[in-house]
Amino acid sequence: MAESAELPALVATDVRVRRGRTLVLRDVSLRCRAGELLAVLGPNGAGKSTLVRALAGLLPYGGSVEVAGTEVSTLSPRERARRIAFVPQRSGLRSALRVEEVVAQGRYAHGPGVGDSRDPIGAALETVGLQSFARRSFTTLSVGEQQRVLLARALAGESELLILDEPTAPLDVRHSLETFALLRGLAERGRAVLVVMHELDDARRFADRAVLLRDGALETSGPSSEVIEPGAVRKVYGVDLHEHAGLSFSLPHQAPEEE
Amino acid sequence: MGEVSKGPTYGVLLVVLALVCVGGLWVGPGDLNDEGLRDALLSLRATRLAAAVLAGAALAAAGVVVQGVFRNPLASPSVLGTTAGATLGGQVALLLAGAFGLAVDPELIVPLGCLFGALLALGVLLSFVKVTRDLLALLLTGFILATVFMSLGGFLTSLAQESWELGRAVIAFSLGSVASAGTRQVLFALPLVVFGLVACWCWGTPLDLLLSGEEEAESLGVDVPRVRWWVATWASVLVAAAVSLGGNIAFVGLIVPHALRPFVGVGHRSLLLPSAIAGGVFVALCDLIARAIPSTTEVPLGVMTGLVGAPLFLALLLRARREEVVSGG
């Protein structure tokens, strides 16, 4: 976390997105530092996916989105892809490419790696625990396995900023926990990680900070434990928050989180 | 089955290609005893065979990249409207050649007309692509262009009826035939096909990324409008080369890549060369059949590829459907 000092990896200022004549995202500002895991929260239709797609430079936006000091909309597709890795909610890939081919797509923006002795593709597959799947066809995998392949593809690009749109939605409880542990690890090793999350308890447990959206605008932001509090949850989601209720899970080799 | 081995596929394709070549050049023992006549016939057949193989290869390769750009395994090069543009260009060239008598050689002017027609169609198409990023708009524009060009072609055909010889040439051209392709036509098309194949191979990787959809491809660094522009351009060059050799040959660009995917995989680079070989084999074989059927007039090549291709395509579709049912997808 040493280099997280001055310049945040991502600075968004007054981001606006229009769909037709409707303003679906209004003046959202946020920043995500290197070494930080930032959760984007909000009910269905709050504009979370729209926000992260704009931040990833995949939607035309108003306002400003800077990645390491450069406006995203001025970057060429390749330059942008080298700085930002984006993991969509679900891939549109329905073709029988091999898993290793899909993960290798994450290196496309880097061009052919001449004289590169490292194996970022193999390393990425190992990180998500799918090295034995390398030669399998993408279409034969389960939705959860496909999601992990997409994560590996994003990791293979080795970009400083990772943006993920609900990466754990199709995953079972174990793979969700592993994914969050992995994302935490990436943040701790200096990457900036921005994740759209549905589960508030996951956000409180794994994210350093959180932004809470409501109807396309920023409701509140701050440390995740402060953002996810009964007042804001009731206002945004219309539900009551009960502390220490429900089930809690952890990976077997890790101690449960402190109460 | 995730893993595919390309070796056997290449082997089978090359053997069939060799057999088709032998079949195309075969002169029966009792056919011709005069050495000079025999040589002349052989050279005619060699040119015809080369034209068929080149045209088939060009159309199949164009099919591979067009299906990639439209993310649709049922697209064919003709959806760009450039096939109809090239055909119209060729017909105009034939008419001009007819109007000027023998002052211009059709063997030279027809390929130029095809190339010009295809590029004109492409120009109109791309000027629309510039203003819209919508894939459906691209598809519809191509369809409308094709309709307009075919209507104009029909008008030209009706004009050409005035002269018996010209009418025959124009109709033969729009039905597809490599029978009249000359050496110069083959030499004109050869570099277009070679450059087109190499260029399509180069665009193979971004096309693979486009399989995931535009947004994902963009997030991975693909300049989607640029890929579309260049792929449409090179596909048009390939189509122009094919039309200049054999007129309007149906179904090859649609069926060949589709039939090969189960054997060589969906990656565009691994699909391109086998498709080109198989396209050449398919057209040469159809031409051989068309020639061999005893009849007062030859069955047009475009008719033959359609007649052979359509049932084959149906069989492929049914097989794909059955596999889907079996695998529970």
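Just so it is clear: chains get the letters A, B, ... in the order the sequence lines come, proteins before strands, and each one is counted from 1.
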## Note on the structure
Separation between CD1 (A/Ile121) and CG (A/Asp119), nearest 0.5 Å, reads 6.0 Å

## Note on the structure
Sorted by chain and residue number, the side-chain hydrogen bond (donor to acceptor under 3.5 Å, both in side chains) partners of A/Arg94 (sequence neighbours excluded) come out as none

### Members of residues 146-155 of chain A whose heavy atoms come closer than 4.5 Å to chain B
A/Leu150, A/Arg153

### Query
Hey, are the side chains of A/Leu218 and A/Leu30 touching, using non-hydrogen atoms and a 4.5 Å cut-off?
no

### Message
Going by side chain to side chain contact (heavy atoms under 4.5 Å, CB included), name the residues that satisfy it together with B/Leu316, two or more places apart in sequence or in a different chain.
### Response
B/Ile255, B/His258, B/Ala259

### Query
With a 4.5 Å limit on heavy-atom distance, are the side chains of A/Arg136 and A/Arg98 in contact?
no

### Message
Any carboxylate oxygen within less than 4.0 angstrom of a Lys/Arg side-chain nitrogen, looking at A/Arg107 and A/Glu158?
### Response
yes

### Message
Does any backbone or side-chain atom of A/Gln105 lie under 4.5 Å from a heavy atom of chain B? Answer side chain, backbone, both or neither.
### Response
both

### Query
So do A/Leu164 and A/Val196 actually touch side chain to side chain, heavy atoms under 4.5 Å?
no

### Task
Would you confirm whether B/Thr82, through its side chain, and B/Gly85, through its main-chain N or O, come within 3.5 Å as a donor-acceptor pair?
no

### Query
Is it the case that more than 12 heavy atoms not belonging to B/Phe313 sit under 6.0 Å from its CZ atom?
yes

#### Entry: Point-to-point distance, once rounded to the nearest 0.5 Å, from CG of A/Leu194 to CD1 of A/Ile84
10.5 Å

### chain A contacts, top residue of B/Thr205, B/Leu210, B/Leu211 (heavy-atom pairs, under 4.5 Å)
B/Leu211

#### Entry: Most chain A-contacting option - heavy-atom pairs closer than 4.5 Å, from B/Gly213, B/Ser219, B/Gly267
B/Ser219

### Query
B/Glu215 versus chain A, heavy atoms under 4.5 Å apart: side chain, backbone, both or neither?
both

### Task
Measure B/Arg226 against the heavy atoms of chain A and call it side chain, backbone, both or neither at under 4.5 Å.
neither

### Task
Using distance alone, with no hydrogens and no angle criterion, decide if A/Arg83 and A/Thr70 have a side-chain donor and acceptor under 3.5 Å apart.
yes

### Query
When only heavy atoms count and the cut-off is under 4.5 Å, which of residues 39-68 of chain A reach chain B?
A/Arg53, A/Leu58

### A/Arg184 side chain vs A/Thr179 backbone, donor-acceptor pair below 3.5 Å
no

### Task
Determine the option with the most heavy-atom pairs under 4.5 angstrom with chain B, choosing from A/Ala109, A/Ala104, A/Ser95.
A/Ser95

